[in-house]
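Heads up, the thing below is written out as structure tokens.
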2 protein chains.
Amino acid sequence: MKNQKTKFVILGLLTIEPMSGYEIKKFISESISHFWAESNGQLYPALRELARQECIELKEKKLNGKQESHLYSITKKGRVALKVWLGEANRGKSISRDEDLLKLFFGKSASIQGSIALLQKREARISDKLNQYKEIQKVIERHSHSPHALYWRLTLKNGICHAQAELAWCQEARAALQSGEEQ
Amino acid sequence: MKNQKTKFVILGLLTIEPMSGYEIKKFISESISHFWAESNGQLYPALRELARQECIELKEKKLNGKQESHLYSITKKGRVALKVWLGEANRGKSISRDEDLLKLFFGKSASIQGSIALLQKREARISDKLNQYKEIQKVIERHSHSPHALYWRLTLKNGICHAQAELAWCQEARAALQSGEEQ
DNA sequence: TCTGCCATGTAATATGTTACATGATTGT
DNA sequence: ACAATCATGTAACATATTACATGGCAGA
């Protein structure tokens, strides 16, 4: 079977409420983008295959004017499949590839200024991330009575913890490079 | 051009000392595996292409007995290419896909016990990681007079910071789930 | 009119892993 | 003898991004 993960993301999101492909993408970017991403090239084929497998069904073909939007909802079969996957142990090796760290690791071959600049940019990016998290926080609080909210807060908190740890490290690392530079 | 990143990893590592493909893989697993991985299917073709581009050269064909090992070293052209890449800003979106977090996010559709178990396994994995970091620490201290050591310590510290943040989060998250379970 | 968002989708390309093939060397 | 590690490599597969194509709708 192909596109394993993508399919489970879709199933999971459809337990919240019926959504269209477009809404799924938007939801991802507004809630789990800090640890998960999907592109159109994966999303739409996966939607089709899930429908073919009867794990989701077309609930409604909205036609606002002439514009069509396919609203999918999860089926019983889909819920079962999701639950099975949730219960499975992850053989996952989370592929982590951090290009910044790679460049810093090779810092001896670069200029100290270059490495410092890299860290500054990283710091700026992490700060942006923390701001994005505040947006996600708002989304969650809008659903604060939902039975999902507890889990959403936990995953968000994970992102925040790492962002804070990262910021602290960036500052420390930058200080180390700057003191090295003075000598 | 293909295999961009892999090629720069190789170039970077060859600035430390000439290595064979096998040694490169080993070095990766002993030093940067917490933020970078390469498989044979990428490594060997990339070595060939780098050689073709004259960014690396076959320094020595060791023939210990009859077993051959290709010892590559970086060329001037390779050093230039590396330096250019190091100076480039990362358009990088570090693809982060964390299956654990995804499952936790969908925790409402699973059992609380399942989510707690997931967190426990994660905790165990992180603890293992922290132990691996101690091994990396040893490797670094063996090279402590190398001009690379400063940079290596920084990237290692990054891993340690995140692992610690993650452990703390795991415990907190587990506590939150357990108190939720009691009600 | 033009920009930006809504909305679905595909083809080409890039990237990466897995599993295997091959065979030597080293230690028990 | 046997297992582990050294050592290089490939083919098939799996996964993912990019860049487009298409077109409606809303508002300045």
Side-chain angles (χ1 to χ4, degrees), chain A residues 1-10 13 18-30 32-33 35-52 56 58-72 90-99 102, chain B residues 1-10 18-30 33 35-52 56 58-72 90-99 102:
Chain A
M1 249 189 273
K2 293 175 195 175
N3 269 7
Q4 289 283 10
K5 312 287 170 58
T6 302
K7 279 153 84 174
F8 293 114
V9 181
I10 294 170
L13 292 180
M19 291 189 219
S20 66
Y22 189 86
E23 287 170 320
I24 288 171
K25 249 210 118 182
K26 209 183 156 196
F27 195 99
I28 288 175
S29 79
E30 285 172 357
I32 59 173
S33 58
F35 62 85
W36 206 269
E38 294 291 349
S39 60
N40 283 1
Q42 290 167 268
L43 191 58
Y44 286 101
L47 276 170
R48 269 204 195 170
E49 206 184 321
L50 281 170
R52 198 185 54 73
I56 63 177
L58 200 56
K59 200 189 177 189
E60 208 184 319
K61 240 186 185 169
K62 269 190 220 157
L63 287 160
N64 304 324
K66 270 169 207 163
Q67 188 169 186
E68 60 176 340
S69 120
H70 305 171
L71 201 66
Y72 290 102
N90 290 348
R91 22 55 170 155
K93 317 167 136 201
S94 55
I95 31 143
S96 53
R97 292 188 136 202
D98 190 319
E99 208 172 328
L102 189 63
Chain B
M1 251 186 273
K2 291 175 196 175
N3 269 7
Q4 288 283 11
K5 312 287 170 59
T6 302
K7 279 154 83 174
F8 293 114
V9 181
I10 294 170
M19 292 187 218
S20 66
Y22 189 86
E23 287 170 321
I24 288 172
K25 249 209 119 183
K26 209 183 156 196
F27 196 99
I28 288 174
S29 79
E30 286 172 356
S33 59
F35 63 85
W36 207 268
E38 294 291 349
S39 60
N40 283 0
Q42 289 167 269
L43 190 58
Y44 286 101
L47 276 170
R48 269 206 195 170
E49 207 185 321
L50 281 170
R52 199 184 55 72
I56 64 176
L58 200 56
K59 201 189 176 189
E60 208 184 319
K61 241 187 185 169
K62 269 189 219 158
L63 286 160
N64 304 323
K66 270 171 206 162
Q67 189 170 183
E68 60 176 342
S69 119
H70 305 173
L71 199 66
Y72 290 101
N90 290 348
R91 52 301 182 242
K93 319 166 135 204
S94 54
I95 32 144
S96 53
R97 291 188 137 202
D98 190 319
E99 209 171 328
L102 189 63

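Lettering of chains follows the sequences in order, A, B, ..., and the numbering in each one begins at 1. Heavy atoms only: backbone and side chains are in, while hydrogens, waters and symmetry mates are out.
- Here D:dA16 presents its C1' atom at 13 Å from CD1 of A:I28, a figure rounded to the nearest Å.
- At whole-Å resolution of the value, CZ in A:F27 and P in C:dC6 are 16 Å apart.
- Comparing A:S39 and B:G21 by the nucleotide of DNA chain D whose heavy atom lies nearest to each, the residue mapping closer to the 5' end is B:G21.
- For D:dT8, the OP1/OP2 oxygens have a side-chain nitrogen or oxygen of B:S20 closer than 4.0 Å.
- Atom CD in A:E38 sits roughly 19 Å away from atom P in C:dA7 (whole-Å rounding).
- A:K5 has a carboxylate O that lies under 4.0 Å from a charged side-chain N of B:E99, or vice versa, which qualifies the two as a salt bridge.
- For the atom pair NZ of A:K25 and OH of A:Y44, the computed distance is 8.0 Å after rounding to the nearest 0.5 Å.
- Proximity of B:R97 to the phosphate of D:dT15: no side-chain N or O atom is located under 4.0 Å from OP1 or OP2.
- One atom, NZ of A:K5, and another, C1' of D:dT15, lie 9 Å apart when rounded to the nearest Å.
- You'll find that the side chain of B:N40 is closest to D:dG9, out of D:dG9, C:dT10, C:dA7.
- Distance A:K25 NZ to D:dT17 C1': 10 Å, rounded to the nearest Å.
- In this structure, A:L47 CG and A:I24 CD1 are separated by 5.0 Å, a value rounded to the nearest 0.5 Å.
- Minimum atom distance to the side chain of B:K26 is reached by D:dC6, of the listed D:dC6, D:dT10, C:dT18.
- For the atom pair A:M19 CE and A:K59 NZ, the distance stands at 12.0 Å (nearest 0.5 Å).
- A:Q42 has no side-chain polar atom (N or O) that falls below the 4.0 Å cut-off from OP1 or OP2 of D:dT15.
- When distances run from any side-chain atom of B:S69 to the nucleotides C:dG16, C:dA7, D:dA7, the shortest one goes to D:dA7.
- In this structure, A:I28 CD1 and A:L43 CG are separated by 6.0 Å, a value rounded to the nearest 0.5 Å.
- Residue A:R48 places at least one side-chain N or O under 4.0 Å from the OP1 or OP2 atom of C:dT10.
- Distance CD (B:E23) to C1' (D:dT8): 13 Å, rounded to an integer number of Å.
- Closest to the side chain of A:Q4, out of D:dT15, C:dT10, C:dT8, is D:dT15.
- Between C:dT8 and A:Y22, no contact under 4.0 Å exists linking OP1 or OP2 to a side-chain N or O.
- Comparing D:dT10, D:dC6, C:dA7 by their nearest atom to the side chain of A:Y44 picks out C:dA7.
- If you measure from atom OH of A:Y72 to atom P of C:dA7, you get 14 Å, rounded to the nearest angstrom.
- One interatomic measurement links the two molecules: NE2 of B:H70 to P of D:dA7, which rounds to 11 Å at whole-angstrom precision.
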